[in-house]
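Working notes, structure below.
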Amino acid sequence: MRLERVELLHVALPLITPFRTSFGTMTSKDTFLLHIVTDRAEGWSEFAADPEPLYCAEFIAGAEIVIRDFLLPRVAALPAPTTAALAPAMAAIKGHELAKAALETALLDAELRAHGMPLATFLGSVHERVPAGVSVGIKDSLPELIDDVERYLAEGYVRIKLKIEPGWDVAPVRAVRERFGEALPLQVDANTAYTLADAEHLRRLDEFGLLLIEEPLEENNLHAHARLQRRLTTPVCLDESIHSARDAASAIAMDACRVINIKPARVGGYPEARRIHDLAAAHGVPVWCGGMLETGIGRAPNLALAALPGCTLPGDTSASGRYFAEDITEPFVLQDGHLPVPTAPGIGIDPLPDALARFTTARRQLYPR
C-alpha cells in the first residue's frame, strides 16, 4: 500500500443541548477529520480532543502541527506504511496519543478496506450489537436532571452516567435513585474534580449501589486513587489516567481501579486499546468503551471495540441523536437499548458528502506538501 494523499478537514457540529462537565460546557463538536488516500483504498478518522486543552493536554491546533510536521513525515518515509509499522515509526515522538490515534486509525481504515475486512473482525469482536449507555451532563436543577434521565430511559438507554463535581454529587445521585429505583444501572464521572481530602464525602456515594465512580481524583495519580479505593465500596474506574497498557497494568497491580474505561484515542489507537482489554480480562477487571461526543466517524470504530468479550459494562456509545440533530454520517439509531456494530470493511461507515460539506469549516492538504 502506497500513501498518496492526506488531508485534514475541520468540522463543527452544533450539539442539540449544551453538555456540561466539571471542566466546562460544550455547545458544539469542533474537531477535525483525517482523510487518507492510498493506491488501494481510502481511510477516515476523527481527532477526539477539543479546541482547548481542558479535558486533556492535546488540542486541535497542536495536534495538527504534530501530525503534519512530526508524525506524517515518519509514516511517509516507510517503505510500506502499514498499521503494524506505524507505532514503531512514531515512537520517537513523546506522548501525543490522540494525534497518533487519528493517524493510525485513518491508515488502519484504509488498510482494512483494501483487504475487505471490518474493524470488528480485526479486533476480534464477538457481538453484533452492544448495549448503549448515556452520559448526562451537570444540570441547573434536580428537576431538569430527572426530566433528562426519564427521557433517556424512555428512549431505551440501559445505563445512566451522571457527571458530578463538588456541590453536584450526592443530591443528584440520591434524586435519581429515589425516582428510578435501585435496579437502574447507575454510575458517576467526576472528570478529576476531587482531591483525596474529599474521600469521606465521596464515601457517601457508597450507599447508592453505583456501578463505579470514574476518575474522581487528578489524572495520573495512581497512588491517590489506590488510597481512595481502599476507603470506598464503590469501584473506582480510571479513564484519564490510562494512556497505555503499561498504565493499566500499574493501576491494576496497585488496586488503583477495579474498572477501566478504554478510550481508543486516549491510548493511541485501537491496537493498544485491544491490548488494554486483553490485560484487564486476564486480571478479571471489567472494561467498557468511553466516548468523546464523536461524530459517526469516531462512533463507528468505538462500537467495534465495545463488542469485545471483556467489555462487560455498557459504554458511552450513545445514538447519534443524543448529541446531533444531523451527523456527518448515516446516524446510529438505538434499537431496544442497543446499537449495531458496523459490518462493512474498515470502520464501516463513510461521511455523507452533502453533510460533510455543510459542516466543514476548513480543509488543508497535509501530504504531499
Side-chain angles (χ1 to χ4, degrees), residues 18-26 54-56 133-150 152 159-242 247-248 250-261 263 266 285-288 290-291 313-314 316:
F19 187 71
R20 179 183 164 195
T21 68
S22 62
F23 56 83
T25 301
M26 295 179 63
L54 299 177
Y55 171 76
C56 66
V134 66
S135 182
V136 184
I138 296 168
K139 302 298 177 180
D140 292 329
S141 68
L142 292 178
E144 183 181 358
L145 173 68
I146 295 300
D147 287 347
D148 277 3
V149 172
E150 189 165 39
Y152 293 135
R159 182 272 283 156
I160 298 293
K161 180 171 84 172
L162 303 181
K163 294 288 187 177
I164 62 172
E165 65 180 3
W168 181 266
D169 42 39
V170 176
V173 172
R174 177 181 289 114
V176 170
R177 270 286 180 243
E178 290 177 350
R179 172 63 181 83
F180 300 104
E182 297 296 322
L184 171 66
L186 181 64
Q187 62 195 57
V188 296
D189 183 5
N191 291 118
T192 76
Y194 297 85
T195 71
L196 197 55
D198 298 309
E200 285 305 304
H201 178 72
L202 292 173
R203 281 184 64 185
R204 297 175 62 190
L205 295 172
D206 282 345
E207 66 180 278
F208 300 109
L210 300 176
L211 293 174
L212 55 90
I213 177 170
E214 187 177 348
E215 202 74 27
L217 310 180
E218 65 177 342
E219 64 182 277
N220 303 326
N221 194 337
L222 299 184
H223 175 68
H225 278 102
R227 291 182 62 188
L228 178 65
Q229 181 65 91
R230 288 197 293 268
R231 300 172 69 175
L232 300 182
T233 302
T234 303
V236 169
C237 172
L238 289 183
D239 173 0
E240 290 94 329
S241 292
I242 305 298
D247 290 341
S250 297
I252 292 170
M254 295 173 63
D255 196 25
C257 67
R258 294 175 183 171
V259 183
I260 293 176
N261 172 0
K263 287 180 178 164
R266 194 196 58 243
V285 174
V287 299
W288 54 284
L313 295 174
D316 285 339

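The heavy-atom pair separating Ala226 from Met254 by the smallest distance is CB-O, 3.4 Å. Of all non-hydrogen atoms in Ala256 and His225, the two that sit nearest each other are O-CB, 3.5 Å. The minimum heavy-atom distance between Trp288 and Cys237, with the atom names listed, is NE1-SG, 3.6 Å. In plain terms, the two heavy atoms of Gly133 and Pro314 that are nearest each other are N-CB, 4.2 Å. Asp255 and Arg258 make their closest contact through OD2-NH2, 2.8 Å (heavy atoms, listed as atom of the first residue, atom of the second, distance). In plain terms, the two heavy atoms of Ile146 and Ala175 that are nearest each other are CD1-O, 3.7 Å.
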Stepwise side-chain contact (heavy atoms from CB on, under 4.5 Å) check, Val287 with Asn261: CA-CA 6 Å; Val287 299; Asn261 172 0; over 6 Å; no
Verdict with supporting geometry, Val188 and Asp169, side-chain contact (heavy atoms from CB on, under 4.5 Å): CA-CA 8 Å; Val188 296; Asp169 42 39; over 6 Å; no
Stepwise side-chain contact (heavy atoms from CB on, under 4.5 Å) test for Leu145 and Leu162: CA-CA 9 Å; Leu145 173 68; Leu162 303 181; 3.9 Å; yes
Worked verdict on Lys139 versus Asp147 for side-chain contact (heavy atoms from CB on, under 4.5 Å): CA-CA 11 Å; Lys139 302 298 177 180; Asp147 287 347; over 6 Å; no
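A donor-acceptor contact shorter than 3.5 Å links the side chain of Asp206 to the backbone of Thr234. When atom types are taken as modelled, the side chain of Asp239 and the backbone of Glu215 share no donor-acceptor pair closer than 3.5 angstrom. Between the side chain of Glu218 and the backbone N or O of Tyr194 there is no donor-acceptor pair closer than 3.5 Å. Glu165 places no side-chain N or O within 3.5 Å of a backbone atom of Ala193 that could act as its donor or acceptor partner. The backbone N or O of Thr195 lies less than 3.5 Å from a partner atom in the side chain of Asp198, making a donor-acceptor pair. The backbone N or O of Leu211 sits nowhere less than 3.5 Å from a side-chain atom of Gln187 that would complete a donor-acceptor pair. With hydrogens and angles ignored, the 3.5 Å screen pairs a side-chain donor or acceptor of Arg177 with a backbone N or O of Gly209.
Here the OG atom belonging to Ser250 is positioned 14.0 Å from the NE2 atom belonging to His223, to the nearest 0.5 angstrom. Between the CZ atom of Arg159 and the CG atom of Leu313 there is a distance of 8.0 Å, given to the nearest 0.5 Å. Atom CD of residue Glu214 and atom CD of residue Glu240 lie 6.5 Å apart, to the nearest 0.5 angstrom. Atom-to-atom distance recorded for Leu205:CG and Leu232:CG is 8.0 Å, nearest 0.5 angstrom. Interatomic distance, CG of Asn220 versus CG of Leu238, reported as 9.5 Å (0.5 Å rounding). One finds the CD1 atom of Ile164 at 8.5 Å from the CD1 atom of Ile138 (value rounded to the nearest 0.5 Å).
Under a cutoff of 6.0 Å and an axis angle of 45°, Arg20 and Trp168 do not form a cation-pi pair.
We find that Asp316 and Lys263 are not joined by a salt bridge, their nearest charged nitrogen and carboxylate oxygen being 4.0 Å or further apart. Salt bridge status for Arg179 with Glu150: present, with a side-chain N to carboxylate O gap under 4.0 Å.
Screening Leu196, Val236, Leu222 against Leu217 for a side chain to side chain contact (heavy atoms under 4.5 Å, CB included) leaves a single residue, Leu196.
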